[in-house]
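These values consider heavy atoms only, across backbone and side chains, with no hydrogens, waters or symmetry-generated copies. One is the number of the first residue; the rest follow in order along the sequence. Quantities reported herein were computed from a predicted structural model and do not represent experimental measurements.
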Amino acid sequence: MKLDLLKRQWLDIVFEGRNKSYGAYDLRIKDGNTNLRAFFIGAVIFSIAVATPKIAEFISAATEDDSATIDTKIKTVKMPPKEEKPKEELPPPPPPPPKVDQVKFVKPVVAKTEEITEEPPKIEEIKDKNLGKEDIKGDPNAIPTVEDPGNGPVSQVVEEDNNIYNSAGIEVKPEFPGGIAKFYNFIKNNYQAPDEPGLKGQVFVSFVVEKDGSLTDIKVLRDIGYGTGKEAERVLRKSPKWTPAEQNGKRVRCSYQIPIKIETPEE
């Protein structure tokens, strides 16, 4: 039996009884296709290598032709002269201001001593006198008279400042004798808390410190009930007099606000 090496019969004989899934058998089966593919790829690469100089020469020639074409297309064009715009006419100058009559300055002339007929009065002579437009001589024989009282100028009545100022913007704030700590100590010694165990809170009160230092217009702004506000009013009415506030060097009325802390023991 003759074998044709160009056909695949010899592969079956060589690999008979062997594992055909082995890589060598698969390579032999595909050997023809692989060689053919390699041939075509090599031919393409060879053709490109041979044709590359020709392609480069063709591209350079085309570039030279384009540059030559561009050179022939560029022409010098003479631009028309610019049109000169007419100069804007300037507005006419404003008219000169109207002439104002002027009086020529004349130098004063000093009179001669012999031409002065009357000497001017001295300062000592007119210091205590009422000068008028002309000389008026009084009657030396006139009887002196005294006007009735009440015909003089009306005296100005100074109005008393009763405005209530805020302690936040007053020049001199009102102050309790000894300071605010002494005032709270006074409240602590005189305030009687209600018989309510575990009561905690603050009572806010406002009042006006009068010009004489007394407290008026006492108001309870907020309390915690159980008569805490009424008790605060009672204690403030017993307060000693304060040092009043001052504005522009004068005593004035001034509003003041304080909180009173209340806390009773637990059961």
Side-chain angles (χ1 to χ4, degrees), residues 97 123-133 136 138 142-267:
I123 296 177
E124 289 77 6
E125 297 176 358
I126 63 175
K127 182 170 61 175
D128 298 330
K129 295 183 178 180
N130 185 13
L131 301 179
K133 296 182 180 179
I136 300 175
I143 300 173
T145 57
V146 179
E147 295 183 358
D148 296 333
N151 295 333
V154 179
S155 60
Q156 297 181 355
V157 178
V158 179
E159 296 182 358
E160 188 177 1
D161 186 4
N162 289 322
N163 296 325
I164 299 176
Y165 293 82
N166 194 313
S167 60
I170 199 72
E171 291 180 356
V172 180
K173 295 183 179 182
E175 187 178 7
F176 185 80
I180 192 65
K182 289 289 186 67
F183 180 63
Y184 277 113
N185 192 27
F186 163 77
I187 294 176
K188 180 180 178 181
N189 295 332
N190 292 273
Y191 192 92
Q192 296 179 2
D195 295 334
E196 183 66 23
L199 185 63
K200 294 182 181 180
Q202 288 184 338
V203 179
F204 290 88
V205 293
S206 67
F207 51 86
V208 175
V209 180
E210 297 291 340
K211 297 178 182 180
D212 61 352
S214 61
L215 304 186
T216 61
D217 198 17
I218 301 171
K219 295 180 181 179
V220 178
L221 304 179
R222 190 182 70 187
D223 61 7
I224 56 177
Y226 302 99
T228 53
K230 293 291 183 181
E231 179 63 17
E233 291 183 20
R234 185 190 68 82
V235 175
L236 290 178
R237 290 192 184 95
K238 294 177 56 178
S239 171
K241 290 188 176 183
W242 289 42
T243 301
E246 291 185 8
Q247 184 74 11
N248 297 327
K250 296 182 180 180
R251 293 184 176 185
V252 293
R253 306 171 68 196
C254 182
S255 62
Y256 207 91
Q257 296 181 5
I258 61 168
I260 300 175
K261 186 176 181 181
I262 307 299
E263 184 174 357
T264 59
E266 300 284 347
E267 283 187 346

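Enclosure of atom CZ in Arg222 is not indicated, since only 12 or fewer non-hydrogen atoms of other residues, nucleotides or ligands lie within 6.0 angstrom. Within a 6.0 Å radius of OH in Tyr226, no more than 12 heavy atoms belonging to other residues, nucleotides or ligands are found. Counting non-hydrogen atoms of other residues, nucleotides and ligands closer than 6.0 Å to CG of Asn163 gives a total above 12.
Pairing each heavy atom of Glu266 with each of Lys200, the nearest pair is OE2-CE, 4.4 Å. A pairwise comparison of heavy atoms in Glu231 and Tyr191 identifies CG-CE1, 3.3 Å as the closest pair. Closest heavy-atom contact between Leu221 and Ser206: CD2-OG, 3.9 Å. Scanning all heavy atoms of the two residues, the minimum distance from Gly229 to Val203 falls at CA-CG1, 4.2 Å. Residues Phe176 and Ser239 share a closest heavy-atom pair of CE1-OG, 3.8 Å. Ile170 and Ala245 make their closest contact through CG1-CB, 4.0 Å (heavy atoms, listed as atom of the first residue, atom of the second, distance).
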Verdict with supporting geometry, Glu246 and Arg251, salt bridge (charged side-chain N to carboxylate O under 4.0 Å, His left out): CA-CA 4 Å; Glu246 291 185 8; Arg251 293 184 176 185; 5.1 Å; no
Leu215 vs Tyr256, side chain to side chain contact (heavy atoms under 4.5 Å, CB included): CA-CA, chis, key distance, verdict: CA-CA 10 Å; Leu215 304 186; Tyr256 207 91; over 6 Å; no
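Under the 4.5 Å side-chain criterion, counting only non-hydrogen atoms from C-beta, Phe186 is in contact with Lys238. The closest side-chain heavy-atom distance from Ile260 to Val235 is not below 4.5 Å. For the pair Val205/Glu233, no side-chain contact is recorded, criterion being any heavy-atom separation below 4.5 Å from C-beta on. Residues Phe204 and Gln257 have side chains not in contact (no heavy-atom distance under 4.5 Å, counting atoms from C-beta outward). The side-chain heavy atoms of Pro240 and Phe183, taken from C-beta on, include no pair separated by under 4.5 Å.
One distance of note links CD1 of Ile180 with NZ of Lys173; it measures 10.5 Å at 0.5 Å rounding. In this structure, Cys254 SG and Ile164 CD1 are separated by 9.5 Å, a value rounded to the nearest 0.5 Å. Interatomic distance, CD1 of Ile224 versus CD of Glu263, reported as 10.0 Å (0.5 Å rounding). Within the model, atoms CG of Asp161 and NZ of Lys211 stand 5.5 Å from one another, a figure rounded to the nearest 0.5 Å. Note: Gln202 CD to Ile262 CD1 = 9.0 Å, rounded to the nearest 0.5 Å. Taking CG of Leu236 as the reference point, atom CD1 of Ile218 lies at 5.0 Å (rounded to 0.5 Å).
Side-chain atoms of Asn185 do not come within 3.5 Å of backbone N or O of Ala181 as any donor-acceptor pair. At least one donor-acceptor pair under 3.5 Å links the side chain of Thr264 to the backbone N or O of Gly198. The main-chain N or O of Lys250 is never found under 3.5 Å from a side-chain atom of Asn248 such that the two would form a donor-acceptor pair.
Using a 3.5 Å distance cut-off with no hydrogens or angles, the side chains of Glu210 and Thr216 do pair a donor with an acceptor.
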